[in-house]
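The block underneath contains the structure these notes are about, expressed in structure tokens.
Every chain is numbered from 1, with letters handed out A, B, ... down the list of sequences. Small disclaimer: the values here were computed from a predicted structure and weren't measured.
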There are 2 protein chains.
Amino acid sequence: MSLDRRSGCPINLSLEVFGDRWSLIILRDMIFGGRRHFRELLNGSIEGIASNILADRLKRLMELGMLTKADDPSHKQKAIYSLTEMAITLVPILAHLGAWGRVWLPTSEELSIRAELLEKGGPPMWEKFMDELRHEHLGMPLDTASGPSVRATLQAAYQAVVAGKALGASPVA
Amino acid sequence: MSLDRRSGCPINLSLEVFGDRWSLIILRDMIFGGRRHFRELLNGSIEGIASNILADRLKRLMELGMLTKADDPSHKQKAIYSLTEMAITLVPILAHLGAWGRVWLPTSEELSIRAELLEKGGPPMWEKFMDELRHEHLGMPLDTASGPSVRATLQAAYQAVVAGKALGASPVA
DNA sequence: GCAACCGATTGCAAAATGCAATCAGATTGG
DNA sequence: CCAATCTGATTGCATTTTGCAATCGGTTGC
């Protein structure tokens with residue numbers, strides 16, 4: 001990933017940050033999957049990233065200011081990765097990207113239900129989600145008691161679809 | 001660019017379409033730069049794509065349904081590439097991407113003025129731009145006489161910044 | 001102790017990329 | 001009519017990136 005031949009074009013510079021196969025997948029798993037540890041990211045995503053690539057991308061995303069790393073106080077060996085504000089503001093882009101992919105690509109129902117919900121929720125839901133991420137990752141106060149978290153809502157919808165599929169597919173009930 | 005190990009996740013599938021260094025650059029040059037020919041894309045972009053990579057990506061984007069190719073009637077040798085509706089609907093994503101890059105990355109003023117204008121124009125401007133692209137690339141009728149084209153507006157703003165910079169930088173006037 | 005787990009690192013084969021040279025056909029200028 | 005130029009690519013080759021499995025030293029739970 002050479003950083004020469006850069007141009008000052010915003011789209012080009014954005015592509016230099018996450019215009020590769022894995023960086024955005026990692027950010028997706030941190031943002032929507034709530035994963036904070038190396039192993040969670042390594043084993044958690046369906047796509048199966050290799051450990052050396054994961055280590056390289058985490059390092060790179062830190063150098064770019066998208067992530068920070070800290071010791072997990074509960075476990076001297078664990079490192080906990082946090083999103084920066086720079087990464088959190090990707091939420092609207094990920095929402096648009098998910099909506100686009102849902103329309104034009106052969107997405108699976110259970111994995112696109114979250115994108116659908118996020119699209120229907122629109123900017124207000126994205127803002128709420130970003131505030132929750134700021135709370136989790138940056139320690140910002142969470143203003144009001146505003147019902148269940150966005151991630152919990154998305155996760156519940158996912159579980160419902162999976163359960164429904166299992167029900168429908170099962171011959172015994 | 002292996003297409004196995006895919007998951008049905010919308011974000012993952014989107015990344016399989018343009019999660020590489022060049023595909024979105026090509027689309028950017030076609031959408032915002034109005035380039036339709038191989039040579040225009042080869043020499044036109046600041047980033048300097050290699051001809052074999054360009055040929056490969058054009059082929060790939062065609063297979064994915066983002067582009068179509070046709071003979072240029074004015075020149076039996078020229079091929080003219082057109083955006084499909086699938087590609088045109090990327091405009092909001094590119095607008096968001098440009099806005100994000102403008103905030104967080106060291107963009108140059110002359111190359112980010114377009115992103116700024118597109119951000120300020122918001123969804124109405126994006127819709128107008130997409131209609132113009134549908135007219136250019138898909139032959140759809142252009143409803144009303146609605147002033148100068150979005151691309152012309154963006155281009156004029158770019159020229160103004162460049163001229164201003166030249167003026168400011170020039171010692172003789 | 002000791003097996004399981006932690007975040008990586010290493011070695012190696014395979015694939016993708018960058019780069020320059022080149023291709024055949026079409027067009028243009030003189 | 002012919003040479004120079006331009007068209008959209010393709011080829012060969014060196015470099016870089018990736019995928020994959022094995023492994024590392026240290027930590028934890030039991």
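- Applying the salt bridge (Lys or Arg N to Asp or Glu O under 4.0 Å) test to every pair with at least one member in residues 25-43 of chain B, sequence neighbours left out, gives these pairs: B:R28-B:E47.
- In this structure, CZ of A:R60 is placed 16 Å from P of D:dT16, rounded to the nearest angstrom.
- For the pair A:D131 and A:R134, the salt-bridge criterion is met [side-chain N within less than 4.0 Å of a carboxylate O].
- Scanning both residues, B:L27 and B:A87, for their nearest heavy atoms gives CD2-CB, 4.3 Å.
- Listed by chain and number, the residues in a side chain to side chain donor-acceptor pair (under 3.5 Å) with B:W126 amount to none (sequence neighbours excluded).
- Residues from residues 69-79 of chain B placing a heavy atom under 4.0 Å of any atom in DNA chain C, listed by number, are B:H75, B:K76, B:Q77.
- Between B:I49 atom CD1 and C:dT17 atom P the separation is 10 Å, expressed in whole Å.
- Side-chain atoms of A:H96 never come within 3.5 Å of backbone atoms of B:I93 as a donor-acceptor pair (strictly under, hydrogens ignored).
- Scanning for side chain to side chain contact (heavy atoms under 4.5 Å, CB included) contacts around A:S23 gives A:F18, A:D20, A:R57, A:L61, with sequence neighbours left out.
- Here the P atom of nucleotide C:dC19 and the CD atom of B:E47 are 13 Å apart, to the nearest Å.
- As rounded to whole Å, 13 Å separates atom P of D:dT7 from atom CG of B:L54.
- Residue B:R21 contributes atom CZ, which lies 19 Å from atom C1' of C:dA15 at whole-angstrom precision.
- Taking atom CD1 on B:I53 and atom C1' on C:dA20, their separation rounds to 13 Å, with Å as the unit.
- The stretch residues 28-42 of chain A comes close to DNA chain C through A:H37, A:F38, A:R39, each having a heavy atom under 4.0 Å from the strand.
- Residue A:W22 has no polar side-chain atom (N or O) positioned under 4.0 Å from OP1 or OP2 of D:dT18.
- Per the geometry, CG belonging to B:D56 stands 16 Å off P belonging to D:dG12, to the nearest Å.
- Listed by chain and number, the residues in a side chain to side chain donor-acceptor pair (under 3.5 Å) with A:E132 are A:K128 (sequence neighbours excluded).
- You'll find the ring centres of B:Y158 and B:F32 outside the 6.0 Å limit.
- Side-chain atoms of B:W100 never come within 3.5 Å of backbone atoms of A:P92 as a donor-acceptor pair (strictly under, hydrogens ignored).
- Counting to the nearest Å, the C1' atom of C:dA13 and the CG atom of A:N52 are 13 Å from each other.
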